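Notes to accompany the following structure.
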Number of protein chains: 2
Amino acid sequence: MKPTVHDIASEAGVSLATVDRVLNGRPGVRAPTRERVLAAIQKLGFVRDVAAANLAKGRVYPLVFIVPANDNSFMAALRGEIAAAGMRGAQERTAISILTVPAFDIPALVRALDAARAEKPAGVAVVAIDAEPVREAVARLAADGIPVVTLVSDLPDSARSHFAGIDNEAAGRTAGSLMGRFLDGRRGAIGIIVGSLDVRDHRERLDGFRAAISAPYPDLSLLSPLEGRDEPERVHQMVSRLLAEEPELLGLYSLGAGNRGLIRALEERRPARPIRVIAHELTPHTRGALETGLIDTVLNQDAGHEVRSAIRVLKARADGQPVIAAQERIRIDIFLKDNLP
Amino acid sequence: MKPTVHDIASEAGVSLATVDRVLNGRPGVRAPTRERVLAAIQKLGFVRDVAAANLAKGRVYPLVFIVPANDNSFMAALRGEIAAAGMRGAQERTAISILTVPAFDIPALVRALDAARAEKPAGVAVVAIDAEPVREAVARLAADGIPVVTLVSDLPDSARSHFAGIDNEAAGRTAGSLMGRFLDGRRGAIGIIVGSLDVRDHRERLDGFRAAISAPYPDLSLLSPLEGRDEPERVHQMVSRLLAEEPELLGLYSLGAGNRGLIRALEERRPARPIRVIAHELTPHTRGALETGLIDTVLNQDAGHEVRSAIRVLKARADGQPVIAAQERIRIDIFLKDNLP
DNA sequence: CTGTTAGCGCGTTCAC
DNA sequence: GTGAACGCGCTAACAG
C-alpha cells in the first residue's frame, strides 16, 4: 500500500500537522524535526496525493487574461480557449476573467494591466506588446507579488515569469526551410506579409525566415515585408496588388493573421503560374485553403495548449512551486492538407 | 459555489446515499425518487468531482500492456513511455504491467493475450498483429468484459474497443504530398523502403504515399518497395545497392523502422546530386540525420501521447464511461531540423 | 514550536 | 427502499 501522511507521521514520531508543514515548506518546524520528517518521506517513498490535497485546500485561483480584441480567427480561437478554460474553472479551482483591449494599443494595454492589478488576482496572462510602458506595468504587478506570464507574444527583459508561446524565430526558420525546398532550383521572388513589426513574434518570424532563405538559396529574393495589421481587408488589398505587379512571384509567406484577405486575393486571381504559399495559424479559413490547395502549408501554435500551459504555470507560481520548463514547451505544428486534425 | 451531492440531496429531499445510487446507476431506488434526483441534478447543474470520487473509492486499475520486444528505437521509446506511466501509477490509480513478446510472432502474441486475461485486469493495451488468431484472443478478453485497445498498429473488425495510433494512410499521403512538392518539376525515380508488407501500418502508409504521388506528379516514378524487415543491417545493404544502381534517384521514403541502416548508407555515399529523404519516427538517429541534413523530414507519432491516451480510454471503458473520440486522436507530427522539440 | 480536530466531496457499509 | 455515519489523504484553523 502507498504510504500516506499518517505513515510519515508515525514513522517520524510527529503529528500530521508537522508533516504537513514540512511538506508545504511552511515555517514553525525546528530543523532537526524537519530532518526526521524528510528522512521518513525518503524511507517510505512517500508521494503526496495532489488530488486529495486540492480537495482539502478548496483554494481557488483568480486569474486574469488580457487579450487583444482583434478581429481575426486566431485571436477569436484564443479567446474561445480561455472561455473554455473558464468553464472548467470549477473543476480546476480557477476563476478566470478575460479583459479585451484594442489591438496594438499600448496605453490601453497598460491600463488593462493596472486594472488587473487592482483586482489582486493570483496571476495574470497577457498577449504582450514589446514596449517600455508595458514592461513597467508588468513590473508593478510583479512588485505586488502577482506572477505574470506572456501569451503568444513575449516581453523579454521584463518581470514576466514565463512565456507561453512558440519559439517564433524557429517558426520563421521552419517556414523558410520548407519554402526553400519547395522552390529549390528556381529563380524568383518571395513576398512576405506581416501584421506589425511592433509585435515581437512577427519580427522574430521574419528574422528566422530570412536567415533560412538568404544563405542557402541565393536565387530566391525576398521582397520587403508588407504590413497588413492583421486586418483581412488590408491584407486583401496588399496581396492583390502584389500579385498584379510582381510577375516573378514564386512564393508567399504570411506570418501574421488576417489570412482571410490573403485567401480571397488568391481566389480572385488564381495565377496560371502556381505560387507556393505558407501561412500561420490553423483556422477555418486556412484549413479550407489547405483543402482546396490555395495554401500549401500552415504552421500552427495550439491556442488551447498555450492557455492550459499558462494556467498551470500561473498556479504553480502562485504557490511558489517550480515549473518544469521542458514540460511547458509549446511546439510548432506543421499542417498540410493531408495531416489535418 | 459549485453544487455538491449535499445540495442535490436537500434539493431533492432525499439522503446522500440515494443521490449516490442514482449517480452510479445502482439499484435500490424507485423510479419517482430517481426522477426527483435527476431533476435536481439538472436544475443545479451538478458535475461530480472526479478527484473526490476517486479518493473515496480508492480504486486502482490494473492494466496490462503487451508490446513486441523489437530492437528499434521506436519500440524502445514506447516501452519507456509505458514504464514512465507505470511510475506515475500511484498518482493515477493505475497498476501497469508490461508483457513483451517476440516481434511478428502470432502464437506468442496470442499466448500473451490469454495470460493477460488470466490476471483479470481492468484493461489491456496491445500492439496488434493483423491475424485471425489474434482477433479471437481479443474476442475472449472482450467476452470477459475486459476492454482492449490496440496501440500503434490496429486490428480492424475485432472486439477491440479503440485504436490508439495514427491514421497511417494519411501519414503516407502526407509524406507523398511533401515529396511531390520537394521534387515538383523534376523527372526521376523515388525509392521506397518498407519494413514488411505483411504489417498493416506499413501497407497503409505505402498506399497513401502512392496515391499522393502518382496522379499529381506523373513525372515522378515509384520504384518497387524494398522490404527491410525493420532491421538496420538489411536496410543498409538495400539502400547502398539502390544508391549505386539507380542514378536517376531523386527521393527516398522510408516508412518503417531500421533507419540507422538508411542513415549509414547515406553517410557512406553522400551523392553529389542531393536526394530528398523522408522517414518515420523521431529517434536519436533520425534526429541526428535531420540536423546534419541527411534527412529532410521526419513524420512522427508521439509514443507518450499514445500510451497516455490508451490509459485514459481503458480507464473510461472500465468504468463504462464514454470516450470522446476527437479528444483521443493521435496526430501526425511533421519535423524538419528547424522545429525539433 | 507542535499536536488536535474538523472538514473538502464523495462512496460505502451498516442499520432502519 | 432509504438514511446515518464513517473514512479516503490531505489541509487548516485552533489549542497547547
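Note on naming: letters A, B, ... go to the chains in the order of the sequence lines (proteins, then strands), and numbering restarts at 1 for each one. Keep in mind it's a predicted model, so treat the numbers as computed, not measured.
The distance from atom CG of A:Leu55 to atom C1' of D:dA12 is 13 Å, rounded to the nearest whole Å. Across the protein-nucleic acid pair, A:Asp20 atom CG and C:dG7 atom C1' stand 14 Å apart, rounded to whole Å. Summarising the geometry, the separation between CD1 on B:Ile8 and C1' on C:dC10 is reported as 13 Å, rounded to the nearest angstrom. Between the CZ atom of B:Arg93 and the C1' atom of D:dC8 there is a distance of 8 Å, given to the nearest Å. Atom NE2 in A:His6 sits roughly 10 Å away from atom C1' in D:dC8 (whole-Å rounding). The distance from atom CG of A:Asp49 to atom P of D:dG7 is 19 Å, rounded to the nearest whole Å. A:Asn54 has its CG atom 16 Å from the C1' atom of C:dG7, to the nearest Å.
For the pair B:Pro147 and B:Val124, the minimum side-chain heavy-atom distance is 4.5 Å or more.
Results of the side chain to side chain contact (heavy atoms under 4.5 Å, CB included) test with B:Arg160 over B:Leu141, B:Leu151, B:Val149, B:Asp154 single out B:Asp154 as the only residue that passes. Exactly one residue among A:Arg329, A:Glu328, A:Gln327 makes a side-chain hydrogen bond (donor to acceptor under 3.5 Å, both in side chains) with A:Ser309. That residue is A:Glu328.
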Identify each atom pair where a protein N or O and an N or O of nucleotides 1-5 of chain D are less than 3.5 Å apart, giving names and distance.
residue: D:dT2; atom: OP1; partner: B:Arg30; partner atom: NH2; Å: 3.3
residue: D:dT2; atom: OP1; partner: B:Thr33; partner atom: OG1; Å: 2.9
residue: D:dT2; atom: OP2; partner: B:Arg30; partner atom: N; Å: 3.2
residue: D:dG3; atom: OP2; partner: B:Ser15; partner atom: N; Å: 2.7
residue: D:dG3; atom: OP2; partner: B:Ser15; partner atom: OG; Å: 3.3
residue: D:dG3; atom: OP2; partner: B:Thr18; partner atom: OG1; Å: 3.2
residue: D:dG3; atom: O6; partner: B:Arg21; partner atom: NH2; Å: 2.9

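Remark: B:Arg93 engages A:Asp49 in a salt bridge, criterion side-chain N to carboxylate O under 4.0 Å.
In the set C:dG11, C:dC10, D:dC10, C:dC10 carries the atom at the smallest distance from any side-chain atom of B:Ala52.
No donor-acceptor distance shorter than 3.5 angstrom exists from the side chain of A:Thr150 to the backbone of A:Ala164, with no hydrogens or angles considered. Listed for the A:Arg79 side chain is a donor-acceptor partner under 3.5 Å among the backbone atoms of A:Asn70.
Between D:dT11 and A:Asn24, a contact under 4.0 Å exists linking OP1 or OP2 to a side-chain N or O. Residue A:Arg59 places no side-chain N or O under 4.0 Å from the OP1 or OP2 atom of C:dC8.
Shown here is A:Arg317, whose CZ atom has no more than 12 heavy atoms of other residues, nucleotides or ligands within 6.0 Å. Around atom NZ of B:Lys43, no more than 12 heavy atoms belonging to other residues, nucleotides or ligands sit under 6.0 Å away.
Taking the centre and axis of the six-membered ring of B:Tyr61, the NZ or CZ atom of B:Arg59 falls inside the cone set by 45° and 6.0 Å.
The stretch residues 35-48 of chain B touches DNA chain C through B:Phe46, B:Arg48, each having a heavy atom under 4.0 angstrom from the strand.
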